[in-house]
Each structure stands twice: as C-alpha cells, then as structure tokens.
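Here the structure is a predicted model, which means the values were calculated and not measured. Numbered from 1 within each chain, the chains take letters A, B, ... in sequence-line order.
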Amino acid sequence: MNERYEPHSIEARWQERWATAGVFEAGRRPGAEKRYVLEMFPYPSGAMHMGHGRVYTIGDALARYLRMRGYDVLHPIGFDALGLPAENAALKDGRHPAERTRENIVGFRAEMKSLGYGFDWGREIVTADPEYYRWNQWFFLKMLERGIVYRRQGKANWCTGCQTVIANEQVVDGHCERCESPVVEKIIPEWAFRITAFAQDLLDGLDGLKDWPERVVTMQRNWIGKSEGAEVDFAVQGSSEKIKVFTTRVDTIHGCTYVVLAPEHPLVARVTAPARRAEVEAFVARMKQTDVEARTGEGAPKEGVFTGAHAVNPFTGETVPVWIANFVLAEYGTGAVMSVPAHDQRDFEFARKYGLPIRVVIQPEQGDRLPAGDALAAASTEDGVLEASGPFSGLRSADARRQMSAVAKEKGFGQPTVRWHLRDWGFSRQRYWGTPIPIIYCAEHGAVPVPEKDLPVVLPPKAIITGTGEPPLAKVPEFVNTTCPICGKPARREVETMDTFVDSSWYYARYLSPKDSTRPFDPEQARRWLPVDVYVGGPEHAVMHLLYFRFWHRVMRQLGLVFEDEPTRRLVTQGIVNGPDGRKMSKRWGNVVAPGPMVKKYGADTLRLFILFAAPPEKDIDWSDEQVDGLFRFLARVWRIFVARQECFGAPAAALAQASGDALELRRRTHRTIQRVTDAFEKELKFNTGIAALMELVNALYQLEPKTDPDRAAVREALVAVATLLSPFAPHVAEELWHEMVGAAGADRLLAAEPWPTFDPTLVAADTVTIAVQVNGKLRGEVQAAAAAGQDEVRALAEADEKVRSHLQGKTVRKVVFVPKRLINFVVG
RNA sequence: GGCCCUCUGGCGGAAUGGUAGACGCGCUCGACUCAAAAUCGAGCGGGGCGACCCCCCGUCCCGGUUCGAGUCCGGGGAGGGCCA
C-alpha cells in the first residue's frame with residue numbers, strides 16, 4: 001500500500017464506486033426498517049459555502065451510520081431554485097434567472113459529490129422545474145376548493161415614485177431603495193393561506209415534538225401566540241357606535257382612564273369631534289407614512305392625539321376620553337385598546353406624557369401596597385388582588401378575569417375571546433421567478449381557477465425583469481392573454497407568483513416519488529417513509545419555514561396524502577461556521593473560507609472531520625486553519641499505523657481469545673471505542689466526542705508493538721474497528737484502508753454498506769477499576785480494586801493507603817459513602 | 001422591556017450529582033537528523049517550591065441544598081438569540 005496518505009488519489013475513486021454500486025439508493029432493503037434523513041435543501045444563489053458544508057456533513061454522517069446499522073435509508077437532495085435572490089442577481093448582470101440557477105446547481109452538485117455526500121441522486125428535485133411547481137399549483141387549487149386559499153385585502157409597500165409595490169427588503173428607512181421616494185402602505189388584493197385555521201392544531205402539535213430543540217418549540221409557540229382574553233364594547237357617547245376592545249387584562253378594567261384607537265381604525269373618522277378634526281387627520285396622515293417598526297419599535301416615543309370623543313366603560317358606566325396613538329395597530333386585535341396606565345407600561349408612559357389619570361386597581365398579593373396612581377413610578381403589570389373594582393373587589397386577577405368576561409357576555413357587552421399572534425400567510429409576490437398562481441380573470445366570471453388538466457401554468461421563458469416590483473408577467477402578452485375556462489371568452493391570467501416558502505413546504509414529500517406525473521407524490525411511499533426521522537438545518541428557519549412546513553403537512557393529511565401528525569420527528573439545528581476571526585464569514589471582513597478550495601487542499605475527509613470535530617452540531621464554530629491541519633495530520637497518522645501494522649492484516653481471528661496483557665488491554669479499548677462512537681450517534685449527536693474516542697484508540701494502537709499471534713489479532717481487530725467507525729465521518733480514507741486490510745475478501749464489498757460493529761459487553765466492563773478516595777468530599781487518593789468489589793473491600797484498601805490514613809488519623813468516621821466502581825467517601829468529624 | 005440560551009486552561013472543547021480539563025490545537029522538552037521539516041515520545045490550570053512526594057486555590061460572582069456541585073436551587077454580572 002501507499003506509504004503516504006494522499007486523499008486526492010483515493011477520494012474520487014470511491015465516490016465512483018459508491019455511485020456505481022448504488023449504495024445510497026433508498027429502497028434497496030425492503031424488509032428493513034426505514035430511516036429518512038433530510039437536510040434543508042440549498043438555495044443555490046451562488047457557490048456552496050461552509051454553512052452548506054456543515055449541514056450536509058452532519059446529515060451524511062448520520063445517514064451513513066444508519067445505513068451501516070442496517071436500516072433502509074432515504075437521504076435525498078434537491079434545490080430550492082425559485083425566488084427573489086436569483087431574480088435580483090439576474091437584474092444585476094442581465095442574465096436570465098433560469099440560466100444562472102442552472103449553472104449554480106451544476107456547481108453545487110459537483111461540490112457535493114466531491115465532498116462524498118451519500119445522497120440518492122436519482123431522487124433529486126429542482127423547484128424551478130415545471131414538473132415540481134405544477135404541484136404547488138395543484139395544491140393551490142385543492143386549497144382553494146377547501147377555502148384554505150382565499151383572496152383578501154393585504155397591506156403592501158407602495159413606492160410613491162415608482163408607482164408600484166415593492167418588497168419589504170427594498171424599503172430602507174421608509175424610503176424606496178431604488179428611487180428614494182417615500183414608501184407608503186397601500187391596501188391591495190392578495191392571495192393568502194388560511195394558516196390561522198390550523199393555529200390550535202399547530203400549537204397542540206408542539207407538545208408531541210419531543211426531539212425538537214426546546215428553543216425552536218418555544219419560538220413557534222410564541223409566534224403562534226395564543227392569548228386568552230376578552231372583548232369588551234365601549235359605547236361612544238352621543239353616538240350609536242361601539243368601540244370593541246380586546247384585552248388580556250379585563251381584571252384591570254376599573255382602572256381604565258382612556259381608550260385608544262389605531263389611527264387607521266374606521267371609527268376614527270366617525271367619532272372625531274369637529275373641533276379636533278384637523279389635528280386628528282394630520283396625525284393619521286403622518287402615521288400612514290411611518291412604518292410599523294418606527295411606530296412601535298424600541299425607543300419609539302409614544303404619541304397620540306385626543307379625538308374629542310368619549311366612551312363609556314360598560315362595567316362602571318364611567319366616561320373616558322378616546323385618543324388615537326401610534327403604538328396601537330389596526331391589524332392587532334380589534335385595533336382598539338382600553339388603557340389602564342397603572343397596570344400597563346405603555347399606557348403608563350402615554351398617560352404621564354399627556355396628563356391622563358392613573359388609577360391603581362390591582363394590589364400585589366404579598367409585599368408592599370402600591371401607592372396612589374400619581375405616585376407610581378412605573379406600571380405594575382403583575383396579577384394580584386382587585387380593589388376599587390365594584391363587586392369584583394377582593395378577587396384574584398385570574399378569577400376576576402373569568403368572572404368578568406362571563407358577566408360581559410351575560411350582559412351582552414362582551415365575551416371571552418382568544419387572540420392569536422399568528423396571521424394568515426399572504427403569498428402573492430409581484431415577481432417573475434416563482435410559481436405562477438393558476439387563476440384566470442374573466443370579465444364575466446371573475447377569478448376562475450385554472451382547470452387541473454391545464455396544469456402546469458408554465459412560467460414564460462422570456463420576461464422583462466425590471467425589479468420595480470410591478471409584476472413582470474404582466475408585460476408578457478402571450479402569458480397574460482388567454483381564455484376563460486368557463487366561457488371561452490378572452491381573459492387574463494393572474495400575473496403574481498407564489499412565495500418561495502411554498503416550494504419548501506412540501507419538498508420532503510416529493511422526494512418519495514419525484515418523477516410521479518399524476519400526483520404530487522405517492523401516498524403509499526409516504527406510508528413507507530414518513531415522517532422524516534431527522535431533519536437538519538439552520539435555526540434561522542425556526543419560525544417561518546418550519547411553521548409553513550408543519551401547516552402544509554396538515555393540509556396534505558386532510559387531502560389523504562400523508563398519515564402522520566407531523567412532518568418530522570427530530571429536528572437538529574446546526575450552528576454557524578464563522579471565519580477564523582470569530583466573525584461571521586463575509587466578503588466585507590475578508591474571512592470567507594469556501595469548501596471547494598479546502599477540498600482541493602486537504603481532501604474531503606479532512607474537511608468533514610474538522611466540521612464534525614470542532615463542536616457539537618448545534619454550536620457555532622470558528623474556522624481554524626490550525627485545527628484543520630491537525631485533523632489532516634490525524635488522518636495521516638491513521639494511515640501510517642495501517643502501513644506500520646500491515647503484517648497484522650492477515651492475523652487469524654481465532655487467536656483473539658488468547659490475547660492477554662497489553663493485547664487484552666487493546667481489545668478492551670477497541671470495544672469501549674465501539675461503544676463510545678455508537679453512543680455519539682445514538683444519544684445526543686456529539687460527533688466530536690466520537691472522533692475523540694477514535695483518536696484515543698489510534699493513540700493506543702501506536703503503543704502496542706505486536707509480537708505474538710494474539711497480539712496481531714488484537715491489532716487487526718482494532719484496525720478494523722478504526723476503519724469502520726471512522727467511515728461515517730471520513731468515508732473515503734476509511735474505505736481505502738478497509739480494502740487494503742481485507743484484500744480480496746472485500747473486492748466486491750463496500751465498507752459503506754458493511755454492518756456497524758458491535759461491542760462485547762464483557763470486554764467493555766473493566767475487571768479492575770480505579771476508585772477515588774475522598775475524605776469529607778476532598779480527593780485524598782485512589783485505589784485499584786476489582787470492579788465487583790464491595791464497600792468493605794474497597795474501604796479496607798483505602799484505609800491501607802498511607803495518604804488516606806494520614807487524613808483519617810485521629811478522626812472518627814461518621815459515615816462512609818460508597819459508589820461502586822467510582823468512589824468511596826469517608827465523612828469524618 | 002419580555003421570553004429563552006450561554007459562561008470550564010493560551011484556544012476549540014470533555015465530564016449519568018462522584019478523580020474537572022478526555023480529545024484536538026498551541027507551546028516546551030526529548031529521540032531521529034550533519035541540520036531542519038516531517039515523524040515518534042514526554043510534559044503543560046494557578047500557587048506554596050527550581051525537581052520530589054505533598055498541600056492550598058481553581059469551572060463568571062454571591063449564597064443555598066448535598067457526604068460530595070461545572071452539573072441542582074435562589075440572587076447578581078457579562079455575552080448572545082428571538083419577540084416587542
């Protein structure tokens with residue numbers, strides 16, 4: 001065998017062998033239990049970066065391990081190819097997004113293959129392919145039928161200069177990125193998914209996601225944001241109008257000293273007193289031009305004006321002034337709030353600023369009483385006991401809320417209500433590079449769905465992309481002009497496209513039968529493969545993508561396509577790969593390290609090993625040239641020990657049983673290493689400790705110079721273990737070494753498809769152990785004892801130790817704590 | 001401001017409540033070499049003390065629970081994430 005480790009002379013060869021043998025194809029072990037390992041598919045907007053390298057390396061190590069454990073493993077890959085960045089890039093260099101995307105995908109594929117990722121390439125999908133997005137359209141039609149898709153009036157950013165809708169990303173400080181004209185909010189019709197209809201189910205489902213990171217579950221829970229409260233109607237004095245407010249703190253309503261409407265609230269125009277009209281209108285106009293962040297963001301001053309109107313608190317009959325203010329938004333709740341300055345901080349600040357009264361109605365259950373409102377330093381937002389609240393005085397907040405909303409309902413001026421933070425998902429985009437929405441507008445029949453048989457509605461290859469936000473498809477007559485499916489008269493197609501989050505909401509299912517041209521995927525395959533067992537991706541998708549993904553799964557379940565409650569059982573969120581300086585990799589800092597050049601320099605195995613060894617998957621890591629060098633040296637060291645122990649390759653396994661002394665010790669280490677590496681996969685995913693265990697075994701191999709047959713057999717056993725255990729992490733070098741070792745016997749086999757080794761429990765359990773000896777919890781020595789030794793035996797050994805004896809001298813042993821195989825602690829006084 | 005997370009040698013990181021610092025990087029020393037690199041081997045938390053055994057201190061800080069706390073509980077600090 002080659003004296004030196006030369007990754008470039010072996011890696012491509014094994015990649016080819018794996019591909020020809022088809023070891024990564026799913027479905028080749030029909031009788032075996034399945035495992036579906038999925039990494040978030042990439043958005044190929046440029047070349048592959050280290051972040052991609054990390055996700056796929058983690059997923060691949062896991063998939064390779066599971067395959068060796070005998071599972072039928074599905075490990076697919078594809079490309080999230082539609083979307084804004086590709087369109088923006090196209091704008092810059094004038095190239096068509098399709099062309100650029102195709103090119104990037106070619107690059108990604110080549111890099112992924114050079115990294116040795118074991119994907120089932122036969123299942124590759126590209127979302128820009130009409131054969132993929134036709135099913136987005138199909139889902140759209142099904143959801144339209146079921147009322148899950150609907151048309152609504154949505155808010156959009158309208159550039160007053162370009163006279164068009166622009167994306168959030170294009171709004172900079174309330175101005176258009178391109179022409180710098182002010183951007184205002186404009187209400188335009190848009191398409192939306194009724195995800196809120198699934199809010200409760202999405203919330204309930206979170207409880208079952210035991211193998212999701214707690215923080216992701218929490219973020220989803222907060223995003224769904226269920227809050228239980230009450231709606232209460234405040235009558236407007238001298239009018240038949242009612243102001244409906246939503247509050248989670250109806251228990252504080254006796255402390256309400258004013259009511260605030262959102263400036264956009266429809267009642268504003270109707271209730272404003274003539275004398276206040278000019279001021280109110282000016283304020284409303286100004287708010288329309290201020291974005292939400294500036295109105296409600298951190299440090300934004302609370303601002304408002306009095307409308308001149310008054311409202312009646314239905315609980316007290318008291319009259320309070322009606323204001324409008326910047327911090328109340330029309331789209332949250334009812335667009336109106338009852339203000340209780342003593343018990344809400346925003347209301348408190350506002351009241352102080354405008355000299356509105358502050359009235360305390362909740363006292364803490366324990367501790368000091370709150371001073372009168374005027375003396376209050378800040379709002380007290382805790383629950384407590386009600387006072388000055390009529391018949392409800394003396395109740396605790398929680399009880400009061402229940403009783404008061406019941407009373408409101410009984411008397412007809414309110415009711416208990418649930419409010420959600422989650423909004424419906426508006427998915428219309430005024431963009432070209434997306435899935436066309438399959439709708440035809442007919443003068444006579446309105447918005448008509450494209451019949452299923454006419455799908456896909458294909459994106460026209462030629463379009464003028466201006467980036468102004470005006471839908472580019474509107475300018476393609478051969479696309480727009482069509483006929484009404486109902487009456488056949490001339491009609492126009494919808495020119496908006498779908499949000500790309502649609503593509504990624506169900507791709508995991510398309511992998512199951514990616515070439516099916518009659519349906520999105522085969523439900524029978526879903527029965528076999530779903531749910532995804534492990535889903536690996538970045539935590540930046542904790543909310544949007546993963547929520548849409550869970551939502552879509554529920555829709556597919558309603559459609560009878562899938563049968564599980566949730567799309568994925570386990571979620572692994574991986575950390576960022578930072579530059580060597582600890583900062584985020586960016587051209588700006590000049591600290592970008594790309595996987596491609598690293599593979600050229602060190603080979604794929606070193607890069608993979610570095611990524612996995614640096615830290616557990618969920619932690620951020622810093623790129624380190626020194627560490628990478630170190631990992632390369634480790635692989636070279638592994639190679640050298642194989643070279644140095646070639647004479648052991650043919651050692652007979654029968655001699656293993658006679659191993660003794662150092663050879664037996666090596667065998668124990670080998671088996672313990674098998675256990676530790678297996679644990680690294682089976683418990684928490686801590687590849688770093690698994691690799692560390694392998695390093696220890698390699699170090700131990702260097703310590704034993706084999707002299708006898710049993711020695712050589714033990715060495716061979718260890719070498720086999722090293723190659724096999726290393727293969728999920730550094731598959732090429734492992735494969736090469738394994739073949740060198742097994743020779744002709746392995747000629748038509750591949751390590752990638754060999755079974756994972758098992759350990760012998762009797763070898764793992766040491767027969768003698770080191771037991772720590774403590775006196776009063778402080779380490780005072782250690783003794784060697786049989787693993788099975790009991791307390792008395794260990795105590796005798798410990799007391800025989802001179803150091804220990806000196807600490808026990810002249811003291812009374814009050815208690816002895818004994819932990820078998822670990823320690824003995826003398827408690828003395 | 002709310003919710004959540006993190007904090008361990010020079011660095012990345014290990015440690016079911018049971019010998020803190022596995023493993024790697026880095027550094028120091030030794031072997032090999034004419035020499036260097038590479039390699040192989042040894043050592044490296046701080047201090048008492050220049051080596052020995054030994055002793056003291058040590059996992060952000062303060063307190064608690066426990067025979068025993070990096071780990072559990074309470075309070076504080078610093079950094080980060082998400083939401084407002």
Open item on the list: If only side-chain N and O atoms count, and only distance matters, is there a donor-acceptor pair under 3.5 Å linking A:Q675 with A:D679?
Closed with: no

Open item on the list: Apply the syn/anti split at 90° from 0 to B:rG74 and say which one it is.
Closed with: anti

To the nearest Å, how far apart are [X] [atom1] and [N] [atom2]?
X	N	atom1	atom2	answer
A:N578	B:rG12	CG	P	12 Å
A:D581	B:rC11	CG	P	17 Å
A:N825	B:rU19	CG	P	11 Å
A:F687	B:rA14	CZ	P	13 Å
A:L422	B:rC83	CG	C1'	14 Å
A:L823	B:rG68	CG	P	13 Å
A:K778	B:rG58	NZ	C1'	11 Å
A:L635	B:rU39	CG	C1'	16 Å

- [ ] Output the single nucleotide from B:rG41, B:rG68, B:rU16 whose closest atom is nearest the side chain of A:Q703.
- [x] B:rG41

- [ ] Please determine, for the side chain of A:T689, which listed nucleotide (B:rA14, B:rG18, B:rG13) has the closest atom?
- [x] B:rA14

TODO: Select base, sugar-phosphate, or nothing to describe what A:P539 touches, counting heavy atoms under 4.0 Å on all strands.
DONE: nothing

Which value, in whole Å, describes the distance between the [atom1] atoms of nucleotides [N] and [M]?
N	M	atom1	result
B:rA69	B:rG74	C1'	15 Å
B:rC27	B:rG9	C1'	13 Å
B:rG12	B:rC7	P	12 Å
B:rA42	B:rC49	C1'	22 Å
B:rU66	B:rU71	P	16 Å
B:rC82	B:rU16	C1'	32 Å
B:rG41	B:rG46	C1'	27 Å
B:rU19	B:rG24	C1'	22 Å

If pairing requires Watson-Crick or G-U wobble contacts with both distances under 3.5 Å, which nucleotide is the partner of [N]?
N	result
B:rA20	none
B:rA51	none
B:rU66	none
B:rC44	B:rG26
B:rA31	B:rU39
B:rA14	none
B:rC7	B:rG77
B:rG58	none

- [ ] Hey, which sits more toward the 5' end of RNA chain B by its nearest nucleotide, A:T770 or A:T218?
- [x] A:T218

TODO: Please figure out whether A:K619 or A:M219 has its closest RNA chain B nucleotide nearer the 5' end.
DONE: A:K619

Open item on the list: Just to verify, which of A:T252, A:T247, A:D251 counts as forming a side-chain hydrogen bond (donor to acceptor under 3.5 Å, both in side chains) with A:R249?
Closed with: A:D251

TODO: Report yes if the distance between the aromatic ring centroids of A:F687 and A:F681 is under 6.0 Å, otherwise no.
DONE: yes

- [ ] May I ask you to check whether A:F327 and A:F350 place their ring centers less than 6.0 Å from one another?
- [x] yes

Would you tell me if any nitrogen or oxygen in the side chain of [X] comes within less than 4.0 Å of OP1 or OP2 on [N]?
X	N	value
A:K686	B:rA15	yes
A:H807	B:rC54	no
A:R814	B:rC67	no
A:R780	B:rC55	yes
A:Y702	B:rC40	yes
A:N688	B:rA14	yes
A:R221	B:rC83	no

Open item on the list: According to side-chain hydrogen bond (donor to acceptor under 3.5 Å, both in side chains), who are the partners of A:Q784, at least two apart in sequence or on a separate chain?
Closed with: A:T770

Open item on the list: Given 3.5 Å as the limit, does a donor-acceptor pair link the side chain of A:D344 with the main chain of A:D347, or not?
Closed with: yes

Open item on the list: For a quick check, with a 4.0 angstrom heavy-atom cut-off, what is the B/S/- contact string for nucleotides 23-31 of chain B, read 5' to 3'?
Closed with: BBSS-----

- [ ] Flag the pair A:F632 / A:F610 as yes when at least one side-chain heavy-atom distance between them is below 4.5 Å, and no otherwise.
- [x] no

TODO: Kindly confirm or rule out a cation-pi arrangement of A:R814 over A:F826, judged by NZ or CZ under 6.0 Å from the six-membered ring centre and within 45° of its axis?
DONE: no

Task: Nearest non-hydrogen partners of A:H545 and A:S504, listed with the distance - done: CE1-O, 3.1 Å

Distance-only donor-acceptor hits, side chain of residues 790-801 of chain A, under 3.5 Å, sequence neighbours excluded:
from, atom 1, to, atom 2, distance (Å)
A:R795, NE, A:E799, OE2, 3.0
A:R795, NH2, A:E799, OE2, 3.4
A:D801, OD1, A:K803, N, 2.9
A:D801, OD1, A:V804, N, 3.2

